[in-house]
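Worksheet: the structure to be examined is printed underneath.
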Amino acid sequence: MRKRSIQIVVLLSLVVPVAMRAQPDPAKIYKTNCVLCHSADGSGDSASGKALHAKDLRSEEVQKQSDAALIEVITKGKGKMPAFGAKIAPDDVTKLVAYIRQLPKK
């Protein structure tokens, strides 16, 4: 019976399209990793953000940077911002950049 269950799980994993599998929510990634310093709205007005002079992610300075530049900062860190490359998967970093691009519109 157990062997049969494993076969069904394997078969379903091959049949269910990747798009239908659970995808990490970029808002959750942001909340988990970024809110402490950059605030929920991206302003950087949190106590930690003020102390560390965190960038306002909605600012023109940040928003005019290329996706590649933002990905590099998130992945490798910059200044007082730590690197998140070991904590956040590359695909999720790309989703996070798209989320950051939407902050000025919220």
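- Of the possible donor and acceptor atoms, one in the side chain of H38 sits under 3.5 Å from a partner among the backbone N and O of K55.
- Between the CG atom of D56 and the CD atom of E61 there is a distance of 9.5 Å, given to the nearest 0.5 Å.
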Start with the C-alpha gap between I100 and C34, add the side-chain angles, then the distance that decides, and say whether side-chain contact (heavy atoms from CB on, under 4.5 Å) holds.
CA-CA 10 Å; I100 289 167; C34 311; 5.6 Å; no

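- With sequence neighbours excluded, no residue forms a salt bridge (charged side-chain N to carboxylate O under 4.0 Å, His left out) with D45.
- Applying the side-chain contact (heavy atoms from CB on, under 4.5 Å) rule to V93 yields the partners I71, I74, T75, I88; only residues at least two apart in sequence or on another chain are considered.
- Considering every non-hydrogen atom in both L103 and A40, the closest pair reads CD2-O, 4.2 Å.
- Inter-residue side-chain proximity for R101 and L70 is flagged as met; some heavy-atom pair is nearer than 4.5 Å.
- What you find for Y99 and P26 is that their closest heavy atoms are CB-CB, 3.9 Å.
- No side-chain heavy atom of F84 sits under 4.5 Å from any side-chain heavy atom of I29.
- The line from CD of Q102 to CD of Q63 is 9.0 Å long, rounded to the nearest 0.5 Å.
- Taking CG of L36 as the start and NZ of K31 as the end, the distance is 13.0 Å to the nearest 0.5 Å.
- Here the closest non-hydrogen pair linking C37 and S48 is SG-CB, 4.2 Å.
- Under the 4.5 Å side-chain heavy-atom criterion for grouping Ile, Leu, Val, Met, Phe, Trp and Tyr, V35 is connected to V73 within one hydrophobic cluster.
- Contact between D41 and R58 at its shortest, heavy atoms only, is O-CD, 2.9 Å.
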